[in-house]
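Everything below concerns the one structure shown next.
Keep in mind that what you see is a predicted model, and the values were worked out from it rather than measured. One is the number of the first residue; the rest follow in order along the sequence.
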Amino acid sequence: MQELPAIEGGKPIRPNPLRYKPWITDDDIKLVIDVLKSGQLSAIGGRWNTALEQELTKYLSTRHAITVSNGTTALHVALKAVGVGPGDEVITTPFTFAASATTILHSNAIPVFADINKETLNIDPASIEEAITDRTKAIVVVHLAGYPAEMNDIMKIAQERGGLYVIEDTAQALGAAYRGKMAGSIGHVGTLSFYPTKTITTGEGGAVVTNDDEIARSAKLLRNHGETGKYYYELIGYNYRMTEFQAALGYSQLMRIEEIIRHKETFAKVLMEEIQDVENDLIQFPRPPKPYIRHAWHLFQLLLNLEKLRVSRDRVVDALRAEGIEASTVAYPIPLHKEPIIMNMANHGKGCPWSCPYYGKKVSYGPLPNAEWAAERVVTILLGPLYTTEDAVDTAKAIKRVLNYYRR
């Protein structure tokens, strides 16, 4: 087997690997410690969940924000809050994290996949329109890597095709904007994630945001057992609450979100400048610059021109890691319509939702060529707020060294 480039000469580009860490300040730590010392750790009776919710509504310009335990539960709550259930279909992208589809299954509904746009890697509005049937209830739009999807087109389709609900999966895009509106605030409901790699973190955590009073009311009930009064339960809910010390950390982080995004944007811009000499030759940049889009820079994604390389994408990623770029990943190597849980129609027992009597259709998943094309070629650099311009230069050197080494 051919040696990886870092082994040639024995020295990787970065002797100290580039590793991701969230940006946790002394102020963050002090606030969390103060909450721990207070003994008020639950959202019930606490004040920090409320404070975080209020600041999120200000930042996103929404009427409501409801904190939850993570981004996946945020999606589940959003789907249930708009009434998704047995017999329904929900359209989403196949080029995303599994939760965008599995939460549809958790709602006892059928995920239907629309293909992506090859230039942005986001869901393609034209493919959404082709996927709509008389069973379609909602569309889950993922703003992948921090780059907003074409929401005007999607909202128009949703309205014209029977008033479909649009849920924005904004897990990777808090801080992104589209035509002057914050991502997550444009559809009927948006969902956020505060996982450690996201724009701001609570460790684990998320939120549901909306301008619709009824959706907000349902989301609040679903988060907390469906309880409307002490031991009085109006609907079947869950315990999806966020703890107080998590909310305090999120509040502290949200106070400096613009600074966090600026750090990530600086890294991304330097990296793009440093590797532009191999652009359109060995790589392509998805996420074309558009004046009406603000990128939140969750991920920096490259598409390899495999026709000009001697090896597969996976070998390129291995070589980058050997060069000390451990932040390199593949998001996402398998489109969701080819994942075992979808191909094998994993279910909740007795075949549901696939064989639900309220559905009554045969489910099949055909090829989605753009998503499959991207999944073979994508290389991802996780963008950290603590990365420096020197890190960006080193990353660029490693990318160019690996690609030139494997050039045909």
Side-chain angles (χ1 to χ4, degrees), residues 5 12-14 17-20 23 95 116-122 143-150 172-178 183 197-199 257-309 313 316-317 319-321 323-332 373-407:
I13 292 287
R14 285 189 64 87
L18 181 66
R19 293 193 174 96
Y20 180 90
W23 184 5
F95 198 65
I116 64 171
N117 179 288
K118 289 172 75 171
E119 287 191 353
T120 67
L121 305 189
N122 278 326
H143 301 308
L144 193 70
Y147 188 95
E150 287 292 348
Q172 300 181 1
L174 179 60
Y178 174 85
T197 59
K198 300 305 195 296
T199 309
I257 186 171
E258 291 300 313
E259 187 179 7
I260 291 170
I261 294 172
R262 280 197 301 272
H263 279 232
K264 297 168 82 170
E265 184 179 44
T266 298
F267 178 93
K269 286 183 175 179
V270 171
L271 181 54
M272 280 191 289
E273 289 169 2
E274 292 291 321
I275 59 177
Q276 63 183 346
D277 55 331
V278 293
E279 184 185 1
N280 299 321
D281 177 20
L282 300 178
I283 59 170
Q284 301 172 42
F285 291 137
R287 319 286 187 265
K290 295 181 179 179
Y292 56 87
I293 280 179
R294 183 202 190 191
H295 201 318
W297 293 112
H298 171 61
L299 300 172
F300 187 97
Q301 294 192 299
L302 303 172
L303 293 169
L304 302 180
N305 290 335
L306 291 178
E307 298 75 16
K308 296 186 178 183
L309 298 171
R313 181 272 319 283
V316 170
V317 171
L320 286 172
R321 289 173 179 159
E323 293 288 346
I325 310 302
E326 288 195 1
S328 60
T329 58
V330 180
Y332 296 90
W373 173 87
E376 292 178 348
R377 291 164 171 76
V378 69
V379 174
T380 309
I381 307 297
L382 186 59
L383 293 179
L386 296 175
Y387 293 169
T388 65
T389 54
E390 182 183 358
D391 294 330
V393 171
D394 284 350
T395 301
K397 287 179 181 177
I399 290 170
K400 291 192 286 187
R401 179 177 174 180
V402 167
L403 294 182
N404 284 318
Y405 185 86
Y406 285 130
R407 183 192 293 270

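A distance of 5.5 Å separates CG in Leu144 from CG in Asn122, rounded to the nearest 0.5 Å. Separation of atoms OH (Tyr20) and CG (Leu386) is listed at 8.0 Å; rounding is to 0.5 Å. Of the inter-residue distances, the one linking Glu326 atom CD with Arg14 atom CZ reads 10.5 Å to the nearest 0.5 angstrom. How far CD of Glu279 is from CG of Asn305: 10.0 Å, rounded to the nearest 0.5 Å. To the nearest 0.5 angstrom, Thr380 atom OG1 is 8.0 Å from Leu302 atom CG. To the nearest 0.5 Å, atoms CD (Glu274) and CE (Met272) are separated by 12.0 Å.
Phe95 approaches Ala331 most closely through the heavy-atom pair CZ-O, 3.8 Å. Taking every heavy atom of both residues into account, Arg377 and Leu306 meet most closely at CG-CD1, 3.7 Å. When all heavy atoms of Val317 and Ser328 are compared, the closest pair comes out as O-OG, 3.9 Å. Residues Ala176 and Gly146 share a closest heavy-atom pair of CB-O, 3.4 Å. In plain terms, the two heavy atoms of Ile283 and Leu304 that are nearest each other are CG2-CD2, 3.9 Å. Between Ala396 and Ile275, the closest heavy-atom pair is CB-CG2, 3.5 Å.
The backbone N or O of Val378 lies less than 3.5 Å from a partner atom in the side chain of Arg313, making a donor-acceptor pair. Judged by distance alone, the side chain of Tyr147 and the main-chain N or O of Pro288 form a donor-acceptor pair under 3.5 Å. The main-chain N or O of Gly175 is found under 3.5 Å from a side-chain atom of Arg294 such that the two form a donor-acceptor pair.
Checking Tyr178 against Glu150 by side-chain atom types alone, a donor-acceptor pair falls below 3.5 Å.
Leu121 is listed as a side-chain neighbour of Leu303, based on a closest heavy-atom distance under 4.5 Å. Looking only at side-chain heavy atoms (C-beta outward), Arg407 and Asp281 come within less than 4.5 Å of each other. Within the 4.5 Å cutoff, the side chain of Gln301 has no heavy atoms near those of the Ile381 side chain. By the 4.5 Å heavy-atom criterion applied to side chains, Asn404 and Leu282 are counted as neighbours. The shortest distance between side-chain heavy atoms of Asp394 and Leu18 does not fall below 4.5 Å.
Applying the 6.0 Å contact sphere to CD of Glu390 captures no more than 12 heavy atoms from other residues, nucleotides or ligands. Heavy atoms from other residues, nucleotides or ligands lying under 6.0 Å from CD of Glu119 number 12 at most.
Salt bridge Lys400/Glu323: absent, no basic N to carboxylate O contact under 4.0 Å. Lys269 has a carboxylate O that lies under 4.0 Å from a charged side-chain N of Glu265, or vice versa, which qualifies the two as a salt bridge.
Remark: of the listed residues Ile399, Val393, Thr266, Asp391, Ile399 is the sole one forming a side-chain contact (heavy atoms from CB on, under 4.5 Å) with Leu271.
With sequence neighbours excluded, the residues forming a ring pair (Phe, Tyr, Trp, His ring centres under 6.0 Å) with His263 are Trp23, listed by chain and number.
Tyr387 and Phe267 have tilted rings, their planes meeting at an angle from 30° to 60° on a 0 to 90° scale.
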field: side chain to side chain contact (heavy atoms under 4.5 Å, CB included) evaluation trace for Leu382 with His298
entry: CA-CA 7 Å; Leu382 186 59; His298 171 61; 4.2 Å; yes
